[in-house]
Amino acid sequence: MEEFLQQLTNGLAVGGIYALIALGYTMVYGVLKLINFAHGDLFTYGAYLGLTLLTSLALTDRVGFAVGVLVLVLMVMGLVAVLGAILERAAYRPLRESPRLSAVVSALGASIFLQNTLMLVYGAQIQVYPDGILPTATLDFFGLYLPLMRVLIVLASVAMMVALYLFIQKTRIGTAIRAAAIDQGAARLMGIDVNRVILLVFLLGPALGGAAGLMVGLYYGQVNFTMGWVYGMKAFTAAILGGIGNIPGAMVGGLLLGVIEALGAAYISIAWKDAIAFCVLILILIVRPTGLLGERVADKI
Amino acid sequence: MNRFKPFLIALVAGLLPFAPLFLNTYQVDVLNSIGLYALLALSLNLILGEAGLFNMGHAAFYAMGAYTAAILNTRYQIPILWTLPLSGLVAGLFALAVARPVVHLRGDYLLIVTIGVGEIVRIALVNDVFGITGGANGIFGISRPKLFGFVIRRPEEFFYLIWGFVALTIFLFLRLKQSRFGRALNYLREDEVAAEGSGINTDYYKLAAFGLGAAWAGMAGTLFAAKMTIISPESFSFWESVVLFMIVILGGAGSIPGVLLAAFLVVGLPELFREFASARMLVFGLVMMVMMVVRPQGLLPARGQRFSLATLMRETVR
């Protein structure tokens, strides 16, 4: 039981991270019908920028752990959001009217490009987050000892998801995003500036993805330049699992996938851990391509 | 330019067989790699270029072929070239089995699924599935190919084996392109609904394209295993699939000369700039982005087929 609960909470923490990345995929897909392959690499940028800022500014030494990490998260989110907007400008906007294959290839190109810039700047070896900055304390929940970091990550990801959900559902801008996702042409006729909506989506998604990257760095303590690819694929699986284009779906899908993967790794085989997510992906696409929360939409001819 | 193209192609094709006489061993080896990638890209072109099915797990089929050949050769001492049809068959059947449930998926969904299949195959190979793939170390001690009692050993000898196979492939695929089958695939790519409306069994043709392309990749895998004598899972990583995808897209989807040219550029050019080897992928990524804006149809785009009026009349009368 102890082992099971440990795995379950671990799955929730990883799942929260998947969910945050999945939100970026799902929002972009909702508005542009494009799989933003470079999203996983923006996530990696979050992890690397976090590492650089953490070590070079020594925030946690100056203002204490809680405030320091909070400032760090905001800085990383802001920087990665700017990067996302640049990406949209450079790689996707020129292809707005092109066939989908062109945009997909461009997205892949952007992914390869981003990944390799990181490699050239930081080197190909694994980068390690410094010891001693992160808390190693454990919390006691009625006899279940959980690492503080794990609890913080679950809380932070849930908080960000709730904030995003409220923003999308309750504000005027959120309504505009939803409208553009349903029908771009009609949204334009209603006076919504679709280009600005797209820009906004490319700010929000990468900001969450960057935060997720930082969380992975803080949780596992090490990052490498290709990790965005694996996390990106898994987060994309999560987005499909929940129903792509569907924001609550991405959250549910992410948490679910994290738990499935953690339990699968613990009780089936750790060596096949990465294959589990891909099997889930293929199964869901065969059985229910619209995802758990997705609605069946008739194909337009 | 277009007027000179046939002459240019004839010139390159005429000079290529004499290349080993003028080049050193290393350069011939590079040409061999180009030949293997050209084979793989031509087989992917059938799926991605002709039929328009986004397949980014081609390395999985390639791996199936290579491992089939390696296992048959090292365990049962079957001569490596004899395994060629069988590894093609295994890769083709595997492709049919995985493509059957997913082939109806829309463009980028199919892309994701094929990426997933490629990764599952790679992980299975690393985990030594069924205890026959040798895990992360792979399989070594694959014997040299033997042709009419002549053992092929040096790169100069492999050159003729590989490029001979490439020439055969080009000939067959050109024939295929002009056949009813090839036209059906093109129709499918351009407009699936209209194709189905004209009585083309879309699922059948899509599967056939997948099976045939994968079988060809499997045979290329056999040649790879024969050339390297050692194979391991890292030769069949996701990036192999990406590079193949890129060759087809950069060259021009559905264009055989385009794919060959792109194979030369993508595999050959980095060898010329070895000192910048670490920036190779960076440049690739940038080129992919720029190409899609400037020239999305590829370097040598496929031209629509033309038929003279006389042939058409004859066909319709018949």
Side-chain angles (χ1 to χ4, degrees), chain A residues 29 33-35 37-38 41 87 90-95 98-120 123-124 226 229-230 233 236-237 239-240 244 269-287 289 299 301, chain B residues 48 52 54 56-57 98 100-102 104-124 126-129 135 191-194 197 238-239 242-243 245-246 248-250 253 278-297:
Chain A
Y29 194 90
K33 304 286 173 276
L34 163 77
I35 300 173
F37 275 100
D41 299 288
L87 173 75
Y92 302 143
R93 186 165 295 188
L95 297 169
S98 312
R100 277 154 62 124
L101 179 60
S102 304
V104 169
V105 175
S106 181
L108 270 169
S111 163
I112 297 172
F113 178 77
L114 288 175
Q115 202 176 85
N116 282 278
T117 22
L118 266 189
M119 188 198 72
L120 291 179
T226 54
W229 148 243
V230 178
M233 280 303 295
F236 184 77
T237 303
I240 297 231
I244 191 139
S269 159
I270 184 105
W272 289 82
K273 178 169 166 270
D274 287 339
I276 293 170
F278 292 116
C279 290
V280 169
L281 170 73
I282 293 174
L283 276 181
I284 197 89
L285 280 176
I286 293 172
V287 181
D299 260 345
I301 292 177
Chain B
L48 170 66
F54 296 3
M56 206 178 268
V98 286
R100 185 70 204 88
V102 295
H104 62 274
L105 290 173
R106 273 213 333 263
D108 21 11
Y109 280 92
L110 188 64
L111 185 87
I112 294 287
V113 169
T114 49
I115 293 178
V117 170
E119 277 300 284
I120 291 174
V121 167
R122 193 186 59 79
I123 294 169
V126 172
N127 286 340
D128 201 1
V129 69
D191 193 334
E192 199 181 323
V193 177
F238 168 66
W239 292 111
V242 173
V243 167
F245 195 92
M246 200 160 67
V248 174
I249 297 295
L250 290 188
S278 54
R280 185 179 98 138
M281 289 308 275
L282 184 91
V283 176
F284 278 177
L286 208 58
V287 167
M288 279 166 87
M289 284 156 72
V290 174
M291 274 289 284
M292 284 307 111
V293 177
V294 187
R295 202 175 162 83
Q297 72 275 40

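Here is how names work: the chains are called A, B, and so on, in the same order as the sequence lines, proteins then strands, and each is numbered from 1.
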What part of [X] gets within 4.5 angstrom of chain A, counting heavy atoms only: side chain, backbone, both, or neither?
X	value
B:Val242	side chain
B:Met291	neither
B:Ile249	side chain
B:Ile112	both
B:Ala124	both

By ring pair (Phe, Tyr, Trp, His ring centres under 6.0 Å), A:Tyr92 pairs with (sequence neighbours left out) A:Phe202

Would you mind reporting whether A:Phe236 and B:Ile115 have side-chain heavy atoms less than 4.5 Å apart?
-> no

How about A:Val105 and B:Phe245: do any of their side-chain heavy atoms sit closer than 4.5 Å?
yes

- What orientation do A:Trp229 and B:Trp239 show, parallel under 30°, tilted 30 to 60°, or perpendicular over 60°? tilted

Whatever's closer than 4.5 Å to a heavy atom in chain B on A:Leu95 counts as side chain

Contacts of A:Val230 meeting side chain to side chain contact (heavy atoms under 4.5 Å, CB included) (sequence neighbours excluded), chain-then-number -> A:Lys234, A:Asp274

Closest non-hydrogen atoms of B:Pro101 and A:Ile286, given as atom of the first, atom of the second and distance, are CB-CD1, 3.7 Å

Correct closest heavy-atom pair for B:Met281 and A:Ile112 would be O-CG2, 3.2 Å

